[in-house]
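All values below were derived from every heavy atom in this structure, side-chain atoms included, with hydrogens, water molecules and symmetry-related copies excluded. Just so we're on the same page: letters track the sequence lines, and every chain starts at 1.
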Amino acid sequence: MDQTLIDYETLAEWLFPEVTETPEDMEKRYPVRGLPEGAVVSRLAPSPTGFVHLGNVVQGLTSERLAHQSGGVLFLRIEDTDAKREVKGASEILIEMLSHYGIVFDEGASLDENGAICDKGDYGPYKQSNRAPIYHVYAKKLVREGKAYPCFCTEEDLDRFHAEQEAEKANFGYYGKWAKWRDRSLEEIREQLDSGTPWVLRFRSTGSIEHKFKYNDLIKGEVDITENDIDHVLLKSDGIPTYHFAHAVDDHLMRTTHVVRGDEWLSGLPFHIQLFQALGFRLPKYVHIGTLMKMDGTSKRKLSKRKDPELALSYYKSVGYPTDSVVEYLMTILNSNFEDWRRANPLAPLDDFKFSAKKMNAAGSLFDLAKLSDVSKNLISRMSAEDVYNAVSEWAKEFDGEFYDDFTREPAFTKAVLAIGRGGNKPRKDFATWSEVKGYMGFMFDRYYEANGAYPDGFDAGTIADILTDFLSTYSSADDQTVWFDKMKDIAEKHGFARETKEYKASPEAYRGHIGDISAFVRVAVTGKQNSPDLYAVMSILGHEVATSRIQKQIERLRG
RNA sequence: GGCCCGUUGGUCAAGAGGCUAAGACAUCGCCCUCUCACGGCGAAAACAUGGGUUCGAUUCCCGUACGGGUCACCA
């Protein structure tokens, strides 16, 4: 650079003739938010690939809690700078899905009353593809200051450099002798421009890998940073920014205070810090979340889109996990003291929990479906029969139309079944997902009642039929539970079975079986299964006619 | 390969120089019980490793191993 000093001003005009606005104009258009001290402004910035996954919810939940519990702002920015990956309608799906998980945005990309995508808020546009003029203002500034330059290398050039670097065992990247366009003359650049060669804008890095420093991440704590010495691409040849450049410009202008993202971005941090400095922006705080892992054989690995269906949010929807269960479970992973808090406050709204970035784990967590199920069972056990009814109906309508028809035919009947063992201090915990409900109570409907249910081993059909016959002859739907059960004990005694299980256990040789066996016979006859919720309640709800006719048919079957 | 992050029972994890190293899920056993689901009690089960520092390290420092991430005109 000792020859004719490059005229950066001229270069900036050549590259961005259409840009007339200045960074100062931008500062005016997007003023500092008038938020109280300590208010967190955070965002979710996904790319619209149509695949909404747990990572989106993990990040969303974290930034949502951080922002809203501090009286701050949460917004959604769509990072659609890669046209190749964009899927039509993906943004709409994303917003829709996230809202189900309690992640609602104060501003940013939103849905209007027709479900179409639109912007809400004063810091837009919130879709990066609509922000090109803004990025160009800063690109021009950087060029003018000699902090960025055009590069005319082709893909083949870059591939060649990579191969060379591999051969020389050098670090990869555009730097040093491979930074071919870093210090070219204005004439050479003019020549390429005139011939219409496509170019990208590169950052002129002044960093050195010899320089190290510390940075404090809100989750990871103090991390060692090695300065970046790569001249990364800022603007692609189509004039659209790379993630890095867009991140710096957008999060500055949108006045983001906390950047919550996956820790796969940690290695990009040196460059981001450098970029913010070069642009004269104040650095936001970073919150790098550990990646969700999964057990694969004997080792952990990152949850994979291709191999793990449970990474996709659509999985939880189709299996029928309540969204609240997923949220609760994720919270147990995100904040280690959440479980204790929840135990102490079983019914408190989630917002009452004091979320803290300090309570987040630096390491990636293993995703545990069994734990999710436990959380979900507990949550569902606390719901009212009415709420369960509504949730199952909604689920079945979409995923199991046949079951939906039976389930909703007589709401009062269905709700009565769902009410068995519900409420009180020790509610039943039978299912973790809506799709399990059919297995739990399907027998209440003729379509799913198993007429060939297996009776307990060790009893001949004749004996069972005799006992069922006796049961039928004394059964009255008017009996209360005690009377009903006493009658069953009488039958037990008559057939040589113990009235009480304890008696039987004391001297098993004296009896053919015990009261438990008698009720098992009736249970199988009525429900087709050896396990069921409270039999008396089941028979009451089923009604005299259905209950007795099922038993009658079983007697015929056993005798036949 | 360079750079970076991580490592307490099978899993999630508390602990932040001195503890018999919490708790939850899962597993197993017992109790309760007409089955199941609950509920109760109990068992088994961990500081990756080698060096330091220290009177004393799971805890602090360095190395090693293992796991993960990243090195694109993808985010």
Side-chain angles (χ1 to χ4, degrees), chain A residues 45-49 79-82 84-85 128 151 153-155 158 162 165-166 169-174 198-202 209 212 217 220-221 223-226 228 230 232-238 240-244 246-247 261-270 288 290-291 293 295 299-302 329 332-333 336-337 339-340 342-343 359 361-375 377 381 420-421 424-431 440 456 485 488-489 492 500-502 514-520 522-524 527 529-536:
Chain A
S47 58
T49 60
E79 310 234 324
D80 60 342
T81 55
D82 184 12
K84 290 188 287 294
R85 300 212 317 176
Q128 290 182 329
C151 164
C153 284
T154 61
E155 205 178 316
L158 298 176
H162 191 90
Q165 286 162 346
E166 200 153 30
K169 294 195 194 326
N171 287 342
F172 300 128
Y174 198 92
W199 54 275
V200 299
L201 189 72
R202 285 187 184 273
I209 55 170
K212 319 233 179 209
D217 180 85
K220 303 280 180 188
V223 296
D224 289 309
I225 304 274
T226 302
N228 166 61
I230 308 286
H232 287 293
V233 172
L234 261 20
L235 291 179
K236 301 182 247 183
S237 53
D238 57 4
I240 298 295
T242 56
Y243 166 82
H244 312 287
H247 158 51
R261 48 159 48 162
D263 66 0
E264 68 267 25
W265 284 112
L266 202 52
S267 54
L269 191 56
H288 285 102
T291 322
M293 311 290 279
M295 213 57 190
S299 65
K300 288 184 186 179
R301 56 146 234 262
K302 191 177 165 183
Y329 170 63
T332 68
I333 289 185
S336 50
N337 53 332
E339 266 188 285
D340 291 338
R342 178 48 90 199
R343 240 192 306 284
K359 284 291 182 182
N361 196 181
S365 301
L366 244 198
F367 188 75
D368 186 0
L369 273 175
K371 181 86 178 184
L372 202 212
S373 281
D374 180 68
V375 168
K377 276 184 179 174
S381 76
I420 298 173
N425 295 332
K426 300 169 185 172
R428 296 185 64 95
K429 299 176 182 175
D430 295 291
F431 40 87
Y440 170 67
F485 199 44
M488 212 132 69
K489 287 180 177 175
E500 306 289 343
T501 312
K502 275 180 186 153
H514 57 84
I515 180 65
D517 299 315
I518 304 300
S519 55
V522 179
R523 188 183 307 278
V524 172
T527 71
K529 309 193 302 177
Q530 292 191 26
N531 306 330
S532 82
D534 186 76
L535 187 54
Y536 176 78

If the [atom1] atom of [N] is compared with that of [M], how far apart are they to the nearest Å?
N	M	atom1	answer
B:G23	B:U8	C1'	14 Å
B:C4	B:C62	P	12 Å
B:U27	B:C12	C1'	16 Å
B:G15	B:A21	C1'	8 Å
B:G9	B:A24	C1'	13 Å
B:A57	B:G67	C1'	25 Å
B:C32	B:C19	C1'	35 Å
B:C41	B:U53	P	47 Å

Donor-acceptor contact present, side-chain [X] to main-chain [Y], <3.5 Å:
X	Y	result
A:T527	A:K529	yes
A:T242	A:V233	yes
A:Y440	A:P533	no
A:K220	A:A362	yes

- [ ] Give, for atom CG of A:L201 and atom OG of A:S237, the distance between the pair rounded to the nearest 0.5 Å.
- [x] 12.0 Å
Task: Spatial distance of atom CD (A:E79) from atom OG1 (A:T49) [nearest 0.5 Å] - done: 12.0 Å
Open item on the list: Does either side chain, that of A:H232 or that of A:R202, offer a donor lying less than 3.5 Å from an acceptor on the other one?
Closed with: no
Please name the pair of heavy atoms, one in [X] and one in [Y], separated by the smallest distance, quoted to 0.1 Å.
X	Y	value
A:D263	A:G290	OD2-CA, 3.4 Å
A:F172	A:Q165	CA-OE1, 3.3 Å
A:A492	A:I518	CB-CG1, 3.6 Å
A:I420	A:R428	O-CD, 3.6 Å
A:G173	A:I230	CA-CD1, 3.9 Å

For atom [atom1] of [X] and atom [atom2] of [N], their distance in whole Å:
X	N	atom1	atom2	result
A:K359	B:A16	NZ	P	10 Å
A:M293	B:U7	CE	C1'	11 Å
A:I209	B:G2	CD1	P	11 Å

- [ ] Sequence neighbours left out, what passes ring pair (Phe, Tyr, Trp, His ring centres under 6.0 Å) with A:H514? Give chain and number order.
- [x] A:Y504
Contact state string [[range], B base, S sugar-phosphate only, - no protein heavy atom under 4.0 Å]:
range	answer
nucleotides 57-63 of chain B	-------
nucleotides 69-75 of chain B	BSS-BBB
nucleotides 27-38 of chain B	------SBBBBS

Open item on the list: Within the 4.0 Å heavy-atom criterion, would you say A:K169 contacts the bases, only the backbone, or no part of the nucleic acid?
Closed with: nothing
Open item on the list: Counting the atoms with a prime plus P, OP1 and OP2 as sugar-phosphate, which does A:V375 contact under 4.0 Å by heavy atoms, base, sugar-phosphate, or nothing?
Closed with: nothing
N/O-N/O pairs, protein side and nucleotides 21-24 of chain B side, under 3.5 Å:
{"residue": "B:G23", "atom": "O2'", "partner": "A:R343", "partner atom": "NH2", "Å": "3.4"}
{"residue": "B:A24", "atom": "O2'", "partner": "A:E339", "partner atom": "OE2", "Å": "2.9"}
{"residue": "B:A24", "atom": "O2'", "partner": "A:K371", "partner atom": "NZ", "Å": "2.7"}

- [ ] Quick one: sort the A:W265 and A:Y243 rings into parallel, tilted or perpendicular, breaks at 30° and 60°.
- [x] parallel
- [ ] State, yes or no, whether a side-chain contact exists between A:Q128 and A:I240 at a heavy-atom distance under 4.5 Å.
- [x] no
Task: Side-chain heavy-atom pair A:Y329, A:D374 within 4.5 angstrom cut-off - done: no
TODO: Dot-bracket for RNA chain B, please, read 5' to 3', with Watson-Crick or G-U wobble pairs under 3.5 Å on both distances, ( ) within the strand, [ ] crossing, | other strand, . unpaired.
DONE: (((((((..(((.....[....))).(((((.......)))))....(((((..]....))))))))))))....
TODO: Apply side chain to side chain contact (heavy atoms under 4.5 Å, CB included) to the pair A:V223 and A:H288, showing each step before the final yes or no.
DONE: CA-CA 11 Å; A:V223 296; A:H288 285 102; over 6 Å; no
